[in-house]
Protein chains: 2
Amino acid sequence: MRKGKPNDPERRTRILRAALEVIATEGVHAASYRRIAAQAGVPLGSTTYYFADLETLIVSAFETLRDGLEPRYAAPMRSSRTDADVVEALVSATCGSTAPALADIRLYEEMHLYGARSPRVAEILRGLQKDSIMILRRSLSEATARAVDALMWGWWGYRSLHPDDPLDAVIVRNAYRALVDMAVTRMERSDRGGVSDSSPGL
Amino acid sequence: MRKGKPNDPERRTRILRAALEVIATEGVHAASYRRIAAQAGVPLGSTTYYFADLETLIVSAFETLRDGLEPRYAAPMRSSRTDADVVEALVSATCGSTAPALADIRLYEEMHLYGARSPRVAEILRGLQKDSIMILRRSLSEATARAVDALMWGWWGYRSLHPDDPLDAVIVRNAYRALVDMAVTRMERSDRGGVSDSSPGL
DNA sequence: ACAAAGTATGTACCATTGTACGCAGATTCA
DNA sequence: TGAATCTGCGTACAATGGTACATACTTTGT
(Lines give C-alpha, C1' and ligand atoms only; values in the text may rest on other atoms or scores of the structure.)
Protein backbone atom coordinates (compact mmCIF):
# COMPACT_ATOMS: atom_id res chain seq x y z
CA MET A 1 0.00 0.00 0.00
CA ARG A 2 1.73 3.10 -1.21
CA LYS A 3 0.35 6.18 -2.73
CA GLY A 4 -2.61 7.12 -4.87
CA LYS A 5 -2.13 9.04 -8.07
CA PRO A 6 -3.80 12.34 -8.66
CA ASN A 7 -6.93 11.96 -10.73
CA ASP A 8 -6.42 15.35 -12.27
CA PRO A 9 -2.77 16.30 -12.37
CA GLU A 10 -3.59 19.59 -14.05
CA ARG A 11 -5.69 20.68 -11.14
CA ARG A 12 -2.84 22.14 -9.14
CA THR A 13 -1.51 24.22 -11.98
CA ARG A 14 -4.98 25.33 -12.95
CA ILE A 15 -5.47 26.64 -9.44
CA LEU A 16 -2.21 28.55 -9.63
CA ARG A 17 -3.13 30.05 -12.96
CA ALA A 18 -6.51 31.03 -11.60
CA ALA A 19 -4.81 32.66 -8.64
CA LEU A 20 -2.71 34.83 -10.94
CA GLU A 21 -5.80 35.77 -12.94
CA VAL A 22 -7.63 36.84 -9.82
CA ILE A 23 -4.63 38.79 -8.56
CA ALA A 24 -4.18 40.57 -11.87
CA THR A 25 -7.82 41.57 -12.22
CA GLU A 26 -8.96 42.05 -8.62
CA GLY A 27 -5.75 42.45 -6.65
CA VAL A 28 -4.06 40.30 -4.03
CA HIS A 29 -6.41 41.51 -1.34
CA ALA A 30 -9.24 39.85 -3.26
CA ALA A 31 -7.39 36.59 -3.75
CA SER A 32 -9.32 34.33 -1.40
CA TYR A 33 -9.60 30.57 -1.50
CA ARG A 34 -13.17 30.81 -2.69
CA ARG A 35 -12.61 33.34 -5.42
CA ILE A 36 -9.66 31.44 -6.77
CA ALA A 37 -11.63 28.21 -6.66
CA ALA A 38 -14.46 29.85 -8.56
CA GLN A 39 -12.05 31.22 -11.16
CA ALA A 40 -10.44 27.82 -11.60
CA GLY A 41 -13.78 26.05 -11.71
CA VAL A 42 -12.89 23.72 -8.86
CA PRO A 43 -14.51 23.26 -5.46
CA LEU A 44 -13.22 25.08 -2.43
CA GLY A 45 -11.87 21.95 -0.79
CA SER A 46 -9.71 21.36 -3.81
CA THR A 47 -7.76 24.54 -3.24
CA THR A 48 -7.30 23.95 0.47
CA TYR A 49 -6.15 20.43 -0.26
CA TYR A 50 -3.33 21.47 -2.56
CA PHE A 51 -2.29 24.51 -0.54
CA ALA A 52 -2.34 24.24 3.22
CA ASP A 53 -2.79 27.95 3.73
CA LEU A 54 -3.47 30.97 1.62
CA GLU A 55 -0.02 32.47 1.94
CA THR A 56 1.44 29.31 0.48
CA LEU A 57 -0.98 29.44 -2.43
CA ILE A 58 -0.18 33.04 -3.27
CA VAL A 59 3.56 32.60 -2.94
CA SER A 60 3.39 29.49 -5.12
CA ALA A 61 1.45 31.43 -7.71
CA PHE A 62 4.12 34.12 -7.78
CA GLU A 63 6.80 31.44 -8.05
CA THR A 64 5.16 29.95 -11.12
CA LEU A 65 4.92 33.44 -12.52
CA ARG A 66 8.65 33.82 -12.09
CA ASP A 67 9.46 30.40 -13.51
CA GLY A 68 7.38 30.95 -16.61
CA LEU A 69 8.80 34.36 -17.16
CA GLU A 70 11.99 35.65 -18.59
CA PRO A 71 12.59 39.36 -18.89
CA ARG A 72 10.71 40.52 -21.94
CA TYR A 73 13.81 41.95 -23.48
CA ALA A 74 15.92 38.85 -22.89
CA ALA A 75 15.80 37.44 -26.41
CA PRO A 76 16.09 40.74 -28.28
CA MET A 77 18.86 41.77 -25.92
CA ARG A 78 20.86 38.64 -26.57
CA SER A 79 20.77 39.25 -30.28
CA SER A 80 21.72 42.90 -29.94
CA ARG A 81 25.13 43.70 -31.33
CA THR A 82 25.21 47.48 -31.33
CA ASP A 83 24.14 50.03 -28.74
CA ALA A 84 21.33 51.03 -31.06
CA ASP A 85 20.06 47.46 -31.02
CA VAL A 86 20.10 47.50 -27.25
CA VAL A 87 18.18 50.75 -27.14
CA GLU A 88 15.57 49.43 -29.56
CA ALA A 89 15.19 46.25 -27.52
CA LEU A 90 14.59 48.37 -24.43
CA VAL A 91 12.09 50.62 -26.17
CA SER A 92 10.22 47.62 -27.48
CA ALA A 93 10.13 46.05 -24.04
CA THR A 94 8.83 49.28 -22.58
CA CYS A 95 6.07 50.24 -24.96
CA GLY A 96 6.49 48.13 -28.06
CA SER A 97 5.65 44.65 -29.25
CA THR A 98 7.61 42.86 -26.53
CA ALA A 99 6.23 45.05 -23.76
CA PRO A 100 4.12 43.39 -21.07
CA ALA A 101 0.38 43.82 -21.21
CA LEU A 102 -1.25 46.12 -18.72
CA ALA A 103 -2.52 43.12 -16.76
CA ASP A 104 1.04 41.83 -16.45
CA ILE A 105 2.25 45.18 -15.18
CA ARG A 106 -0.49 45.15 -12.59
CA LEU A 107 0.58 41.66 -11.64
CA TYR A 108 4.14 42.84 -11.11
CA GLU A 109 2.93 45.71 -9.00
CA GLU A 110 0.74 43.45 -6.90
CA MET A 111 3.67 41.14 -6.37
CA HIS A 112 5.88 44.07 -5.48
CA LEU A 113 3.49 45.29 -2.83
CA TYR A 114 2.84 41.85 -1.44
CA GLY A 115 6.57 41.43 -1.23
CA ALA A 116 6.75 44.39 1.10
CA ARG A 117 5.22 42.16 3.78
CA SER A 118 6.22 38.72 2.58
CA PRO A 119 9.94 37.91 2.75
CA ARG A 120 9.51 34.95 0.43
CA VAL A 121 7.90 37.07 -2.27
CA ALA A 122 10.47 39.79 -1.74
CA GLU A 123 13.12 37.17 -2.43
CA ILE A 124 11.37 36.19 -5.64
CA LEU A 125 11.36 39.80 -6.74
CA ARG A 126 15.01 40.30 -5.95
CA GLY A 127 15.75 37.18 -7.97
CA LEU A 128 13.79 38.53 -10.90
CA GLN A 129 15.62 41.81 -10.74
CA LYS A 130 18.94 40.07 -10.50
CA ASP A 131 18.15 38.12 -13.66
CA SER A 132 17.04 41.26 -15.39
CA ILE A 133 20.22 43.10 -14.55
CA MET A 134 22.33 40.10 -15.47
CA ILE A 135 20.87 40.10 -18.94
CA LEU A 136 21.34 43.84 -19.28
CA ARG A 137 24.94 43.42 -18.19
CA ARG A 138 25.69 41.49 -21.35
CA SER A 139 25.58 44.82 -23.13
CA LEU A 140 25.82 47.44 -20.41
CA SER A 141 27.89 48.42 -17.44
CA GLU A 142 26.64 47.69 -13.95
CA ALA A 143 25.71 51.31 -13.37
CA THR A 144 23.89 51.61 -16.66
CA ALA A 145 22.10 48.32 -16.18
CA ARG A 146 20.77 49.44 -12.83
CA ALA A 147 19.61 52.75 -14.18
CA VAL A 148 17.96 51.14 -17.19
CA ASP A 149 16.20 48.65 -14.95
CA ALA A 150 14.90 51.42 -12.72
CA LEU A 151 13.80 53.53 -15.66
CA MET A 152 11.86 50.69 -17.24
CA TRP A 153 9.93 50.14 -14.02
CA GLY A 154 9.19 53.82 -14.02
CA TRP A 155 7.81 53.74 -17.55
CA TRP A 156 5.68 50.73 -16.71
CA GLY A 157 4.31 52.55 -13.71
CA TYR A 158 3.37 55.38 -16.03
CA ARG A 159 1.55 52.98 -18.33
CA SER A 160 -0.32 51.57 -15.35
CA LEU A 161 -1.40 55.05 -14.33
CA HIS A 162 -2.38 56.13 -17.85
CA PRO A 163 -3.89 53.03 -19.46
CA ASP A 164 -5.25 54.98 -22.40
CA ASP A 165 -2.35 57.34 -22.90
CA PRO A 166 0.38 55.37 -24.66
CA LEU A 167 3.99 56.27 -24.02
CA ASP A 168 5.75 58.38 -26.59
CA ALA A 169 8.28 56.02 -28.12
CA VAL A 170 10.54 58.90 -29.12
CA ILE A 171 10.81 60.16 -25.57
CA VAL A 172 11.40 56.67 -24.27
CA ARG A 173 14.06 56.01 -26.87
CA ASN A 174 15.95 59.20 -26.19
CA ALA A 175 15.98 58.48 -22.48
CA TYR A 176 17.40 55.01 -22.93
CA ARG A 177 19.89 56.29 -25.43
CA ALA A 178 21.10 58.89 -22.99
CA LEU A 179 21.65 56.24 -20.34
CA VAL A 180 23.34 53.80 -22.70
CA ASP A 181 25.66 56.47 -24.06
CA MET A 182 26.40 57.65 -20.56
CA ALA A 183 28.50 54.58 -20.00
CA VAL A 184 30.75 55.50 -22.88
CA THR A 185 31.02 59.22 -22.38
CA ARG A 186 30.96 59.64 -18.64
CA MET A 187 31.99 56.74 -16.52
CA GLU A 188 35.65 57.55 -16.58
CA ARG A 189 34.92 61.05 -15.43
CA SER A 190 32.63 59.90 -12.62
CA ASP A 191 35.45 57.72 -11.39
CA ARG A 192 37.25 60.88 -10.54
CA GLY A 193 34.23 61.73 -8.40
CA GLY A 194 33.54 64.95 -10.29
CA VAL A 195 30.25 66.50 -9.27
CA SER A 196 30.90 70.15 -9.82
CA ASP A 197 30.73 70.97 -13.51
CA SER A 198 27.35 72.17 -14.59
CA SER A 199 27.55 71.99 -18.35
CA PRO A 200 30.12 69.39 -19.25
CA GLY A 201 31.61 70.09 -22.62
CA LEU A 202 31.43 67.39 -25.24
CA MET B 1 -32.02 75.74 16.53
CA ARG B 2 -29.41 75.23 13.92
CA LYS B 3 -26.35 73.13 14.07
CA GLY B 4 -24.26 71.59 16.79
CA LYS B 5 -20.53 72.03 16.79
CA PRO B 6 -18.18 69.11 16.77
CA ASN B 7 -16.99 68.36 20.27
CA ASP B 8 -13.61 67.33 18.94
CA PRO B 9 -12.77 69.09 15.71
CA GLU B 10 -9.46 67.26 15.45
CA ARG B 11 -11.19 63.92 15.39
CA ARG B 12 -11.73 63.81 11.66
CA THR B 13 -8.15 64.64 10.82
CA ARG B 14 -6.85 62.27 13.44
CA ILE B 15 -8.83 59.48 11.82
CA LEU B 16 -7.37 60.35 8.44
CA ARG B 17 -3.85 60.40 9.81
CA ALA B 18 -4.46 57.07 11.49
CA ALA B 19 -5.70 55.67 8.19
CA LEU B 20 -2.47 56.67 6.47
CA GLU B 21 -0.45 55.13 9.25
CA VAL B 22 -2.30 51.85 8.96
CA ILE B 23 -1.97 51.85 5.18
CA ALA B 24 1.74 52.57 5.34
CA THR B 25 2.51 49.88 7.88
CA GLU B 26 -0.06 47.18 7.11
CA GLY B 27 -1.24 47.94 3.61
CA VAL B 28 -4.56 49.11 2.22
CA HIS B 29 -6.02 45.64 2.44
CA ALA B 30 -5.64 45.86 6.21
CA ALA B 31 -7.19 49.31 6.42
CA SER B 32 -10.51 48.47 8.09
CA TYR B 33 -12.78 50.72 10.09
CA ARG B 34 -11.85 48.91 13.24
CA ARG B 35 -8.13 48.95 12.74
CA ILE B 36 -8.13 52.62 11.84
CA ALA B 37 -10.30 53.42 14.84
CA ALA B 38 -7.90 51.54 17.09
CA GLN B 39 -4.92 53.37 15.60
CA ALA B 40 -6.63 56.72 16.06
CA GLY B 41 -7.77 55.87 19.58
CA VAL B 42 -11.41 56.56 18.79
CA PRO B 43 -14.43 54.27 18.94
CA LEU B 44 -15.61 52.44 15.83
CA GLY B 45 -18.78 54.50 15.55
CA SER B 46 -16.70 57.63 15.32
CA THR B 47 -15.09 56.49 12.08
CA THR B 48 -18.36 55.41 10.50
CA TYR B 49 -19.90 58.71 11.49
CA TYR B 50 -17.35 60.85 9.70
CA PHE B 51 -17.02 58.58 6.67
CA ALA B 52 -20.14 56.93 5.32
CA ASP B 53 -18.26 54.05 3.76
CA LEU B 54 -14.75 52.74 3.79
CA GLU B 55 -13.94 53.74 0.21
CA THR B 56 -14.71 57.34 1.14
CA LEU B 57 -12.43 57.14 4.14
CA ILE B 58 -9.52 55.76 2.19
CA VAL B 59 -9.90 58.17 -0.69
CA SER B 60 -10.12 61.06 1.76
CA ALA B 61 -6.95 59.85 3.44
CA PHE B 62 -5.14 59.83 0.11
CA GLU B 63 -6.47 63.29 -0.64
CA THR B 64 -5.05 64.66 2.59
CA LEU B 65 -1.79 62.97 1.74
CA ARG B 66 -1.75 64.82 -1.56
CA ASP B 67 -2.71 68.14 -0.01
CA GLY B 68 -0.01 67.96 2.62
CA LEU B 69 2.57 66.93 0.14
CA GLU B 70 4.63 68.77 -2.35
CA PRO B 71 7.18 66.91 -4.45
CA ARG B 72 10.24 66.45 -2.31
CA TYR B 73 12.43 68.18 -4.79
CA ALA B 74 10.14 71.17 -5.22
CA ALA B 75 12.04 73.62 -3.05
CA PRO B 76 15.57 72.60 -4.06
CA MET B 77 14.44 72.56 -7.67
CA ARG B 78 13.11 76.09 -7.51
CA SER B 79 16.40 77.37 -6.24
CA SER B 80 18.42 75.48 -8.83
CA ARG B 81 20.14 77.72 -11.32
CA THR B 82 22.46 75.35 -13.16
CA ASP B 83 21.96 71.87 -14.55
CA ALA B 84 24.29 70.58 -11.86
CA ASP B 85 22.00 72.05 -9.20
CA VAL B 86 19.07 70.29 -10.78
CA VAL B 87 20.90 66.99 -10.83
CA GLU B 88 21.88 67.36 -7.19
CA ALA B 89 18.31 68.18 -6.23
CA LEU B 90 17.17 65.02 -7.99
CA VAL B 91 19.83 62.85 -6.38
CA SER B 92 18.93 64.23 -2.98
CA ALA B 93 15.24 63.56 -3.58
CA THR B 94 16.04 60.02 -4.65
CA CYS B 95 18.41 58.82 -1.96
CA GLY B 96 19.57 61.87 -0.06
CA SER B 97 18.35 64.11 2.70
CA THR B 98 15.16 65.18 0.92
CA ALA B 99 14.27 61.65 -0.15
CA PRO B 100 11.05 60.15 1.19
CA ALA B 101 11.28 57.63 4.00
CA LEU B 102 10.67 54.01 3.20
CA ALA B 103 7.24 54.23 4.80
CA ASP B 104 6.33 57.08 2.49
CA ILE B 105 7.44 55.12 -0.55
CA ARG B 106 5.28 52.23 0.57
CA LEU B 107 2.42 54.67 0.98
CA TYR B 108 2.86 55.88 -2.59
CA GLU B 109 2.92 52.31 -3.83
CA GLU B 110 -0.19 51.42 -1.90
CA MET B 111 -1.92 54.43 -3.35
CA HIS B 112 -0.73 53.52 -6.79
CA LEU B 113 -2.14 50.03 -6.54
CA TYR B 114 -5.39 51.17 -4.99
CA GLY B 115 -5.68 53.63 -7.84
CA ALA B 116 -5.67 50.77 -10.29
CA ARG B 117 -9.22 49.99 -9.14
CA SER B 118 -10.35 53.35 -7.86
CA PRO B 119 -10.84 56.07 -10.47
CA ARG B 120 -10.87 58.77 -7.82
CA VAL B 121 -7.51 57.70 -6.45
CA ALA B 122 -6.14 57.32 -9.95
CA GLU B 123 -7.11 60.93 -10.55
CA ILE B 124 -5.26 61.98 -7.40
CA LEU B 125 -2.16 60.19 -8.63
CA ARG B 126 -2.34 61.77 -12.05
CA GLY B 127 -2.65 65.14 -10.38
CA LEU B 128 0.42 64.46 -8.26
CA GLN B 129 2.38 63.41 -11.29
CA LYS B 130 1.25 66.46 -13.19
CA ASP B 131 2.50 68.70 -10.38
CA SER B 132 5.75 66.81 -10.26
CA ILE B 133 6.35 67.21 -13.97
CA MET B 134 5.31 70.83 -13.86
CA ILE B 135 7.99 71.56 -11.30
CA LEU B 136 10.57 69.65 -13.28
CA ARG B 137 9.61 71.62 -16.35
CA ARG B 138 10.93 74.78 -14.77
CA SER B 139 14.36 73.44 -15.52
CA LEU B 140 13.87 70.65 -18.02
CA SER B 141 12.19 69.92 -21.32
CA GLU B 142 8.95 67.99 -21.40
CA ALA B 143 10.69 64.84 -22.57
CA THR B 144 13.41 65.07 -19.96
CA ALA B 145 10.93 65.84 -17.22
CA ARG B 146 8.93 62.74 -18.05
CA ALA B 147 11.99 60.54 -18.13
CA VAL B 148 13.30 61.97 -14.87
CA ASP B 149 9.94 61.42 -13.23
CA ALA B 150 9.84 57.82 -14.40
CA LEU B 151 13.41 57.16 -13.32
CA MET B 152 12.83 58.50 -9.85
CA TRP B 153 9.88 56.18 -9.36
CA GLY B 154 12.12 53.38 -10.51
CA TRP B 155 14.79 54.22 -7.95
CA TRP B 156 12.21 54.44 -5.21
CA GLY B 157 10.92 51.04 -6.20
CA TYR B 158 14.44 49.74 -5.84
CA ARG B 159 14.70 51.20 -2.37
CA SER B 160 11.42 49.56 -1.45
CA LEU B 161 12.70 46.21 -2.63
CA HIS B 162 16.11 46.55 -0.96
CA PRO B 163 15.41 48.34 2.31
CA ASP B 164 18.87 47.64 3.68
CA ASP B 165 20.83 48.17 0.49
CA PRO B 166 21.11 51.92 -0.02
CA LEU B 167 21.30 53.29 -3.52
CA ASP B 168 24.69 54.23 -4.85
CA ALA B 169 24.54 58.00 -5.13
CA VAL B 170 27.19 58.03 -7.83
CA ILE B 171 25.18 55.76 -10.07
CA VAL B 172 22.03 57.71 -9.43
CA ARG B 173 23.77 61.00 -10.15
CA ASN B 174 25.26 59.82 -13.41
CA ALA B 175 21.91 58.56 -14.61
CA TYR B 176 20.17 61.85 -13.91
CA ARG B 177 23.05 63.76 -15.47
CA ALA B 178 22.77 61.69 -18.60
CA LEU B 179 19.07 62.48 -18.87
CA VAL B 180 19.49 66.16 -18.12
CA ASP B 181 22.28 66.53 -20.64
CA MET B 182 20.28 64.58 -23.20
CA ALA B 183 18.03 67.55 -23.66
CA VAL B 184 20.96 69.69 -24.72
CA THR B 185 22.89 67.24 -26.83
CA ARG B 186 20.22 65.18 -28.51
CA MET B 187 16.82 66.70 -28.90
CA GLU B 188 17.62 68.42 -32.16
CA ARG B 189 18.92 65.19 -33.61
CA SER B 190 15.91 63.16 -32.47
CA ASP B 191 13.71 65.67 -34.19
CA ARG B 192 15.06 64.32 -37.43
CA GLY B 193 13.73 60.98 -36.25
CA GLY B 194 17.11 59.35 -36.37
CA VAL B 195 17.05 55.82 -34.98
CA SER B 196 19.79 54.19 -36.95
CA ASP B 197 23.17 55.27 -35.69
CA SER B 198 24.69 52.86 -33.23
CA SER B 199 27.53 54.84 -31.71
CA PRO B 200 26.75 58.51 -32.03
CA GLY B 201 29.90 60.51 -32.16
CA LEU B 202 30.36 63.34 -29.73
C1' DA C 1 -35.57 76.15 30.25
C1' DC C 2 -37.01 73.50 26.37
C1' DA C 3 -37.06 71.43 22.09
C1' DA C 4 -34.88 70.62 17.77
C1' DA C 5 -30.95 69.46 15.24
C1' DG C 6 -26.38 67.95 14.97
C1' DT C 7 -22.63 65.16 17.13
C1' DA C 8 -20.93 60.87 18.89
C1' DT C 9 -20.97 56.03 20.16
C1' DG C 10 -22.22 51.22 21.42
C1' DT C 11 -24.49 47.22 19.67
C1' DA C 12 -26.21 44.13 16.41
C1' DC C 13 -26.58 42.04 12.08
C1' DC C 14 -25.21 39.59 7.97
C1' DA C 15 -21.71 38.42 4.63
C1' DT C 16 -17.19 36.70 3.84
C1' DT C 17 -13.02 34.80 5.23
C1' DG C 18 -9.35 31.07 6.53
C1' DT C 19 -9.18 26.79 8.25
C1' DA C 20 -10.42 22.23 10.47
C1' DC C 21 -12.37 17.98 9.73
C1' DG C 22 -15.06 14.07 8.41
C1' DC C 23 -16.40 11.31 4.59
C1' DA C 24 -16.20 9.21 0.11
C1' DG C 25 -13.58 7.25 -4.04
C1' DA C 26 -9.41 5.60 -5.90
C1' DT C 27 -5.24 3.10 -5.77
C1' DT C 28 -2.02 -0.23 -4.05
C1' DC C 29 -0.03 -4.04 -1.75
C1' DA C 30 -0.54 -8.43 0.58
C1' DT D 1 -10.48 -9.47 -1.64
C1' DG D 2 -9.45 -6.44 2.00
C1' DA D 3 -7.07 -3.21 4.60
C1' DA D 4 -4.27 0.80 4.33
C1' DT D 5 -3.27 5.10 2.26
C1' DC D 6 -3.82 8.83 -0.61
C1' DT D 7 -6.82 11.90 -3.34
C1' DG D 8 -10.62 14.93 -3.46
C1' DC D 9 -14.37 17.41 -1.65
C1' DG D 10 -18.49 19.32 1.14
C1' DT D 11 -19.66 21.29 5.48
C1' DA D 12 -19.02 23.62 9.74
C1' DC D 13 -17.04 27.07 12.72
C1' DA D 14 -14.82 30.97 14.79
C1' DA D 15 -13.12 35.39 13.49
C1' DT D 16 -13.35 39.58 11.14
C1' DG D 17 -15.35 42.55 7.97
C1' DG D 18 -18.78 46.68 6.54
C1' DT D 19 -22.76 48.76 7.63
C1' DA D 20 -27.40 49.92 9.93
C1' DC D 21 -29.40 51.87 13.67
C1' DA D 22 -31.11 53.05 18.33
C1' DT D 23 -29.45 55.72 21.87
C1' DA D 24 -27.17 59.34 24.39
C1' DC D 25 -24.84 63.72 24.65
C1' DT D 26 -24.02 68.93 22.99
C1' DT D 27 -25.08 72.86 21.21
C1' DT D 28 -28.20 76.39 19.92
C1' DG D 29 -32.35 79.23 18.87
C1' DT D 30 -36.41 80.83 21.12
Side-chain angles (χ1 to χ4, degrees), chain A residues 1-63 110 113-114 117-121, chain B residues 1-62 110 113-114 117-118 120-121:
Chain A
M1 52 312 246
R2 278 295 83 79
K3 31 165 50 185
K5 231 182 41 182
N7 296 353
D8 183 356
E10 286 190 36
R11 182 139 302 194
R12 202 187 127 96
T13 32
R14 176 153 64 227
I15 292 172
L16 289 174
R17 242 200 313 273
L20 290 179
E21 289 165 11
V22 171
I23 293 172
T25 60
E26 317 241 18
V28 267
H29 69 280
S32 66
Y33 271 128
R34 287 170 177 81
R35 221 182 278 257
I36 292 170
Q39 176 76 24
V42 302
L44 166 64
S46 194
T47 63
T48 65
Y49 171 69
Y50 282 106
F51 304 95
D53 55 71
L54 191 61
E55 159 95 4
T56 302
L57 201 175
I58 292 178
V59 173
S60 301
F62 283 141
E63 280 171 349
E110 295 283 349
L113 214 47
Y114 195 87
R117 274 115 203 159
S118 162
R120 296 174 61 189
V121 172
Chain B
M1 54 308 246
R2 276 293 84 77
K3 33 166 43 182
K5 232 182 42 184
N7 296 353
D8 182 357
E10 287 189 35
R11 182 138 302 192
R12 202 186 127 98
T13 30
R14 178 152 64 224
I15 291 172
L16 289 174
R17 241 200 314 272
L20 290 178
E21 289 165 11
V22 171
I23 293 171
T25 60
E26 318 241 19
V28 266
H29 69 280
S32 65
Y33 272 128
R34 287 171 177 80
R35 221 182 279 258
I36 293 170
Q39 177 75 24
V42 303
L44 166 64
S46 194
T47 63
T48 65
Y49 171 69
Y50 281 106
F51 304 95
D53 53 72
L54 191 61
E55 159 95 5
T56 302
L57 201 176
I58 292 177
V59 172
S60 301
F62 283 141
E110 295 284 348
L113 213 48
Y114 195 86
R117 273 117 204 157
S118 163
R120 297 175 59 191
V121 173

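Side chains included, hydrogens not; waters and symmetry mates left out as well; all remaining heavy atoms used. Lettering follows sequence order; numbering is per chain, from 1.
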A.B. asks: Filter on salt bridge (Lys or Arg N to Asp or Glu O under 4.0 Å), then keep only pairs touching residues 40-58 of chain A, sequence neighbours left out; what's left?
C.D. replies: none

A.B. asks: Can you list, pair by pair, the side-chain donor-acceptor contacts under 3.5 Å of residues 19-32 of chain A, counting residues two or more places apart and other chains?
C.D. replies:
from	atom 1	to	atom 2	distance (Å)
Glu21(A)	OE1	Gln39(A)	NE2	2.5
Thr25(A)	OG1	Glu21(A)	O	3.0
Thr25(A)	OG1	Val22(A)	O	3.4
Ser32(A)	OG	Arg35(A)	N	3.2

A.B. asks: Looking at every non-hydrogen atom in both residues, tell me the closest pair between Tyr33(A) and Phe51(A) and how far apart they are.
C.D. replies: OH-O, 2.8 Å

A.B. asks: Could you give the CD-to-P distance, from Glu10(A) to dG8(D), as a whole number of Å?
C.D. replies: 12 Å

A.B. asks: Send over the distance from His29(B) NE2 to dT17(C) P, rounded to a whole Å.
C.D. replies: 14 Å

A.B. asks: Summarise how protein sits on nucleotides 9-22 of chain D as a single string, 5' to 3': B when a protein heavy atom is under 4.0 Å from the base, S for sugar-phosphate-only contact, - for no contact.
C.D. replies: BBBB----BBB---

A.B. asks: Give the rounded distance in Å between these two atoms: CZ of Arg12(B) and P of dA8(C).
C.D. replies: 12 Å

A.B. asks: Applying side-chain contact (heavy atoms from CB on, under 4.5 Å), can you list everything that pairs with Ser46(B), at least two apart in sequence or on another chain?
C.D. replies: Arg11(B), Ile15(B), Val42(B), Pro43(B), Tyr50(B)

A.B. asks: Taking only residues two or more places apart in sequence or in another chain, which ones pass side chain to side chain donor-acceptor pair (under 3.5 Å) with Arg117(B)?
C.D. replies: Glu110(A)

